[in-house]
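All values below were derived from every heavy atom in this structure, side-chain atoms included, with hydrogens, water molecules and symmetry-related copies excluded. These numbers come from a predicted model, not from an experiment.
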Amino acid sequence: MSEVKYGFAPLFDKDSKLLILGSFPSVKSRKVEFYYGNPQNRFWRIVCSYFGEDVPQNTEGKKSFLLKHNIALWDIVTECEISGSQDSTIKNFKVADIKTLLQNCGVRFIILNGSTAYGIFKDNYGDINIPFLKLPSTSPANTRFSEKEWRDALSRAFDRA
């Protein structure tokens, strides 16, 4: 029998305008106890470079960066059984309560980081009245990552298109 793993609490505040949802924290993220903890994951590099900033060196800096730029961060799966970090092994999962989060902030756009996050979100929240977009996963395992797609989506989210 697999051990149940738990994700992280959402990071957001009342001013959050963009919600980025991943699937579930990787082994390396769980070890450092914060989102996108694998240094090879492209998430921090792409989001920080979009705003012309360096990647913060610690968790508190990353939290401050996100809140300063009105970005909320969470995973669509809050607990599950998983083998290593592979999304394909996620089973017996609980889905994040996205609607409650949205009631407590001003999110107006949602980015789904990868196919697993998108699929679970669409199955559970596909009728939500906020635009959402699936983007290629920032995981180092994803060979189809597109920096341009991420930059375009961030521009759309922050009305800079």
Side-chain angles (χ1 to χ4, degrees), residues 1-13 16 18-51 53-98 100-102 105 107 109-125 132-154 157:
M1 183 175 221
S2 300
E3 180 183 339
V4 174
K5 306 280 193 245
Y6 298 90
F8 310 128
L11 179 74
F12 72 100
D13 67 15
S16 297
L18 168 65
L19 171 60
I20 301 176
L21 285 171
S23 54
F24 189 76
S26 69
V27 169
K28 290 183 180 181
S29 294
R30 294 192 306 265
K31 185 176 180 180
V32 301
E33 300 179 342
F34 196 62
Y35 299 95
Y36 305 103
N38 182 340
Q40 301 306 313
N41 192 299
R42 303 168 186 104
F43 178 83
W44 291 109
R45 288 190 303 275
I46 188 69
V47 175
C48 292
S49 72
Y50 175 80
F51 289 100
E53 296 187 29
D54 292 330
V55 176
Q57 296 304 303
N58 58 44
T59 298
E60 286 310 309
K62 290 174 180 175
K63 289 178 180 179
S64 295
F65 168 85
L66 292 168
L67 295 176
K68 175 174 104 175
H69 292 290
N70 306 114
I71 299 172
L73 195 57
W74 204 7
D75 287 315
I76 192 67
V77 172
T78 59
E79 66 181 73
C80 66
E81 294 173 25
I82 186 171
S83 178
S85 300
Q86 296 179 342
D87 283 356
S88 62
T89 68
I90 292 173
K91 62 182 182 180
N92 300 323
F93 59 88
K94 291 191 179 176
V95 176
D97 185 358
I98 302 300
T100 296
L101 181 141
L102 295 174
C105 61
V107 165
F109 194 75
I110 300 171
I111 289 176
L112 290 309
N113 189 352
S115 296
T116 300
Y118 176 78
I120 295 170
F121 179 86
K122 195 152 176 18
D123 288 348
N124 291 274
Y125 298 105
F132 59 92
L133 180 64
K134 176 180 106 170
L135 289 181
S137 172
T138 56
S139 166
N142 180 20
T143 58
R144 294 188 179 132
F145 176 75
S146 169
E147 185 172 330
K148 181 182 183 330
E149 283 184 67
W150 269 87
R151 288 186 169 279
D152 289 350
L154 290 167

Over all heavy atoms of both residues, which pair between Val27 and Ser85 is shortest? Give the atoms and the distance, please. N-OG, 2.8 Å
Can you tell me how far CD1 of Ile82 sits from OG1 of Thr89, rounded to the nearest 0.5 angstrom? 4.5 Å
With no hydrogens and no angle check, do the side chains of Asp87 and Ser23 hold a donor and an acceptor under 3.5 Å apart? yes
Atom pair CG (Asp13) and CG (Leu67), whose distance is rounded to the nearest 0.5 Å: 5.0 Å
Given Asn113, which partner from the list Tyr35, Tyr36, Trp150 fulfils the side chain to side chain donor-acceptor pair (under 3.5 Å) test? Tyr36
Decide side chain to side chain contact (heavy atoms under 4.5 Å, CB included) for Phe8 and Leu73; before the verdict, give the C-alpha distance in whole Å, the side-chain angles of both, and the deciding distance to 0.1 Å. CA-CA 10 Å; Phe8 310 128; Leu73 195 57; over 6 Å; no
Closest approach of Ser146 to Pro136 (non-hydrogen atoms, all atoms of both residues): N-CG, 3.9 Å
Contact between Cys48 and Pro56 at the side-chain level, heavy atoms closer than 4.5 Å - yes or no? yes
Do you know the tightest heavy-atom contact between Ile46 and Leu154? O-CD1, 4.5 Å
Sorted by first residue and then second, give each salt bridge (Lys or Arg N to Asp or Glu O under 4.0 Å) pair with at least one member in residues 24-42; sequence neighbours left out. none
Can you find a pair of side-chain heavy atoms, one from Lys5 and one from Pro25, that are under 4.5 Å apart? no
Which word best sums up how the rings of Phe65 and Trp44 line up, parallel for under 30°, tilted for 30 to 60°, or perpendicular for over 60°? perpendicular
Could you measure the distance from the CH2 atom of Trp74 to the OG atom of Ser16? Nearest 0.5 Å is fine. 12.5 Å
So, taking the atom named SG in Cys80 and the one named NZ in Lys91, what distance separates them when rounded to the nearest 0.5 Å? 10.5 Å
If you compare all heavy atoms of Val32 against all heavy atoms of Gly37, which two are closest, and at what distance to 0.1 Å? CG2-CA, 3.7 Å
Under the side chain to side chain contact (heavy atoms under 4.5 Å, CB included) rule, what do Ile20 and Leu66 come out as? Steps first, then yes or no, please. CA-CA 10 Å; Ile20 301 176; Leu66 292 168; 5.9 Å; no
Does a side chain donor of either Thr138 or Arg45 reach within less than 3.5 Å of an acceptor in the other side chain? no
Checking the side chain of Asp75 only, and the main-chain atoms of Val77 only, is there a donor and an acceptor separated by less than 3.5 Å? no
Ring pair (Phe, Tyr, Trp, His ring centres under 6.0 Å) partners for Tyr125, two or more places apart: Phe121
If every non-hydrogen atom of Lys62 is compared with every non-hydrogen atom of Val55, which pair is closest and at what distance? CE-CG1, 4.1 Å
Does NZ in Lys122 sit with more than 12 non-hydrogen atoms of other residues, nucleotides or ligands closer than 6.0 Å? no
Identify the two heavy atoms, one from Phe12 and one from Leu101, that lie closest to each other, and give their separation to 0.1 Å. CD2-CD1, 3.8 Å
Phe109 side chain reached by Leu133 side chain, heavy atoms, under 4.5 Å: yes
May I have the step-by-step check of side chain to side chain contact (heavy atoms under 4.5 Å, CB included) for Phe93 and Ile120, ending in yes or no? CA-CA 10 Å; Phe93 59 88; Ile120 295 170; 4.0 Å; yes
With side chain to side chain contact (heavy atoms under 4.5 Å, CB included) as the test, would you mind laying out the steps for Phe34 and Leu11 before giving the verdict? CA-CA 10 Å; Phe34 196 62; Leu11 179 74; 4.3 Å; yes
Between atom CD of Glu147 and atom CG of Asp152, what is the distance when rounded to the nearest 0.5 Å? 10.5 Å
Heavy-atom check, side chain of Asn41 versus side chain of Ser26, under 4.5 Å: no
Report, as yes or no, whether the 6.0 Å neighbourhood of atom CG on Asp54 holds more than 12 heavy atoms from other residues, nucleotides or ligands. no
Working to the nearest 0.5 angstrom, can you tell me the gap between Phe24 CZ and Glu81 CD? 10.5 Å
